[in-house]
Amino acid sequence: MKRKAKTTSRTSKRRAVARPARAKRAAVKRRPTPAKFVFTFGGGRAEGNAGMKELLGGKGANLHEMAGLGLPVPPGFTISTAVCTHFYANGRRYPSGLRDEVAQHLQRVEQVLGRTFGDPSNPLLVSVRSGARASMPGMMDTVLNLGLNDQTVQGVIALSGNPRFAYDSYRRFVAMYGDVVLDLKPQSKTDIDPFEEILERKKHARGVKLDTELTADDLRELVAEFKAAIRERKGVEFPEDPREQLWGAIGAVFGSWMNDRAIAYRKLNNIPESWGTAVNVQSMVFGNLGDDSGTGVAFTRDPATGENIFYGEFLMNAQGEDVVAGTRTPLPISELEKENAEVYGQLVKIRRTLERHYRDVMDIEFTIEQRRLYMLQCRVGKRTGAAAIRIAVEMVKERLIKPNEALLRVEPDQLNQLLRPTFRPADKEQAVREQRLLARGLNAGPGAAAGKIMFHAEDAEAAAARGEHVILVRIETSPEDIRGMAASEGILTARGGMTSHAALVARQMGKVCVAGCEALTIDYTAGEMRVAGTPAVLKQGDDISIDGTTGEVFLGRMPTEPSEVVRVLIDRSIDPKQAAVYQQYAQLMQWADRTRHLGVRTNADLPDQCANALAFGAEGVGLCRTEHMFFGEEKIGPMREMILAETVDQRRAALAKLLPLQRADFEGIFRVMQGRPVTIRTIDPPLHEFLPHDEAGQQALAQEMGIPAKRVHERVEALHEFNPMLGFRGCRLGIIYPEITEMQARAIFEAAANVIAAGGKAHPEVMIPLVGHVKELQLQADIVRRVAEDVKREKKARLSYAVGTMIEVPRGALTADAIAGVAEFFSFGTNDLTQMTLGVSRDDAGRFLMPYVREFEIYQKDPFESLDQVGVGALIRIAVEKGRAARPKLKVGICGEHGGDPDSVMFCHRTGLDYVSCSPFRVPIARLAAARAVLLGTPSLGTTE
Ligand code: ADP
Ligand code: MG
Ligand code: MG
């Protein structure tokens, strides 16, 4: 009793300090319409709905929606994101009137449930849950059982008749409050959780293994010990006053919006800081109230494969995150039918209700309190790329959604997962024979990955930055690890289920993941991992291979092999009819092709690359780099002769040797492309790239050509440039040495004529690189057109062809009207155009470009990966406009790396390009991105600033 008096006087002092809020409250009452900051849900009401995510956050909005649907949601209220915004705009102060509004809404919950917050005989307990607009896994951990203190716990004992349960709830609350609100958590990566430590000590002292084996008295002692730890390490008393607890937790949620891991997550996922989080205060239901209670999580379909089955896990006599924390291994949801058929049936019905209502796969949390089911969360379920495609295609068949919606349900980059490699069965069998199959975990993120073990996210990040392949191995992952996870090829955890943090985040990132591999014992301090039943001791840096499709973990590094889609399309080793995944892919692609306006071509230099790209749906070649052909065995010799030539005659002699070789290459490409347009770029790189730079290589070359080594050396020296990217390259080569362009044009047109003569088709488009001035193009185009006419005459061939240019020099873009007078097409070479517009050398940007993006946010993304739409984009727009003004039928495409980047593809669509061109494996991604660009319409331009 004494203690109570003391506490009350302390808290009343605090209230006195908080007086200013009361003064403000009076001011609010004078205002005509006070802003509404708090919204009620549950108990037969819902002030919000799923459409109000901006204001109520994702979790809140969906709680309101479920309550509105009449699902059993424990009543509570949401404090809106507007409060978070106000909080940070006003030196971390709440809007006036908020306290009153919260008090009123709390009162309503009390009335609905017939309990009173802080009432020692009949206490209401609540959870305080964060909820941003976009789900941010673990941004601020939820505090459960709030409202418990030494008095109210007696009320819970009296009401439940279960002291063990009451003290179990109480010790969980004190630990969560200490961790989340009072910040008593592990400080370094090898630290142990202070509350865990005390708990382990207690279990050890009592000679038990599981939390559930501790008695009520043990748990009551834990409460006192936890509080003592808080006092000792943080120098504060654990607050006994429920209202102080409540506002402490609310403050911690808003405060967590600006903690390091939340900021890191926002950066990685492009979530603006201005969005803010909401806070949900919800009456507690208890899954730890005995063996007829429990808690679980589920997906309405399998989030790894997309299969239409109810998919989830649960634990009886457990609370909150016990299921995902990995301390006890949960049971599959189908087992719930045996535990309680009625609750299971109800859940299955809710599964249907939610899918029909949201028309999507949902991820749900539920709790069973003494045989009664409660819904605690639902949100659109994260899924693998493979699952996304299957779900989208099947939901169209089930008439839940339309094909256009299906296209919007799959992120273009998710297609990568269908194209991702797997391990070869033979390699796996051998690994098994050699006893290198170490263990089996859950198949949480499909695909195959191999690399060096790293036990800490920071180490994984550092190793990946050095270019190493890394597998991040953790007991379990937490939001602090996300950057390390992003840098790794794959993630392996010892604990946690299919819905653990590691599994969720890996699937979202498209990473290979094996979770809950319980055979592993990981010792962070020693930096090693042991595997039960094997003598293996693995250290940081050792090689392992993980199969996220099967959950297997292997010692050593195994090579990977192509996916099903790749085997159907490229290897042609599987019959498409036998390939279910392929068929879903093909269906989605068919819808995409029907919808998109942009053409999709490929960047390919060799016939087999062209064939791959065609299989992936390419409609032409957007960029064939001829210089890649010169590196072939028998070609580099004549090429070097050509470069070392001292007279025009010598050069012509060397070029004459190259002509038949290039012609054969082009014939191969034309045959594969069967009359589809093939854009061939004339020689582009600086010539010194073809010469040997080392002494030995130069000696050998000299010998081969029968000239003194000194000559070779001199020529290499003479070709040296301080700034080769801005030097003697591109059309400049062909202007100074017109015979090179002549030879290339002849090879192209003779190849086309030969293919046509043999009954085939060919449509070459000759592209002149690095044009900044129309005269440059004119000089080169004249040569190309003259040679074309010569070949037509000589071969009596009917050739159709076009001559155009790459727009990759800013001056070229700015004078596009003049250039279009000569060019029949433009293709934006956005690699060079980015380099020259930003004045950033792509080859030397490593040192500063990462911090430019990550740290200083100068660019939102690496401008060499995703087009700088504001800067480079402006030049593209100018060039398109001026070019089309001069030549309305000008064909315009893009052939830089950006042609396969979904955001850049959207930009190309909005800017009215005719096609994009990208590497063969990105063709499907570009097709889908192009279709989505049509469906998403025209958002505001210039999105990067
Ligand atoms: P997260 O965003 O990390 O999932 P949640 O707010 O959903 O955090 O809560 C964490 C866990 O606590 C979940 O398992 C959730 O179902 C449970 N939980 C939250 N509120 C309550 C409540 N009022 N009663 C019972 N369990 C709750
Ligand atoms: Mg959490
Ligand atoms: Mg949750």
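Just so you know, these numbers come straight off a predicted model, no measurement behind them. Atoms within each ligand, like the ligands themselves, are counted from 1 in listed order.
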Are Y170 and D150 close enough that a side-chain donor and a side-chain acceptor fall under 3.5 Å? yes
- Query: Is any N or O atom of T367, backbone or side chain, closer than 3.5 Å to an N or O atom of ligand 1?
  - Reply: no
Quick one: do D183 and K185 make a salt bridge, cutoff under 4.0 Å? yes
Honestly, for L144 the part within reach of ligand 1 (heavy atoms, under 4.0 Å) is side chain
Out of V285, L146, T142, the nearest non-hydrogen contact to atom 6 (O) of ligand 1 is supplied by T142
| Any donor-acceptor N/O pair, T78 side chain to S80 backbone, under 3.5 Å | no
In ligand 1, the atoms that come under 4.0 Å of a heavy atom of S283 are 22 (C), 23 (N)
Would E365 count as being in polar contact with ligand 1, using the rule that some N or O on each side must be under 3.5 angstrom apart? yes
Residue T142, metal the Mg ion (ligand 3), N/O/S under 2.8 Å: no
By side chain to side chain donor-acceptor pair (under 3.5 Å), T152 pairs with (sequence neighbours left out) N149
Contact check, K59 vs ligand 1, heavy-atom distance below 4.0 Å: yes
A student comparing G58, A318, S127 should find that the heavy atom closest to atom 21 (C) of ligand 1 comes from S127
Please check if atom CD in Q346 has more than 12 non-hydrogen atoms from other residues, nucleotides or ligands closer than 6.0 Å.
yes
Looking at E365, the N/O/S atom that lies nearest to the Mg ion (ligand 3) is called OE2
Numbered in order shown, the ligand 1 atoms found under 4.0 Å of a heavy atom of L376 are 16 (O), 21 (C), 22 (C), 24 (N), 25 (C), 26 (N), 27 (C)
Across all chains, not counting sequence neighbours, the side chain to side chain donor-acceptor pair (under 3.5 Å) partners of T305 are D302
Practice problem: Would you sort out whether E339 and E335 count as a side-chain contact (heavy atoms from CB on, under 4.5 Å), showing the intermediate values? | Solution: CA-CA 7 Å; E339 286 290 340; E335 297 283 311; 6.0 Å; no
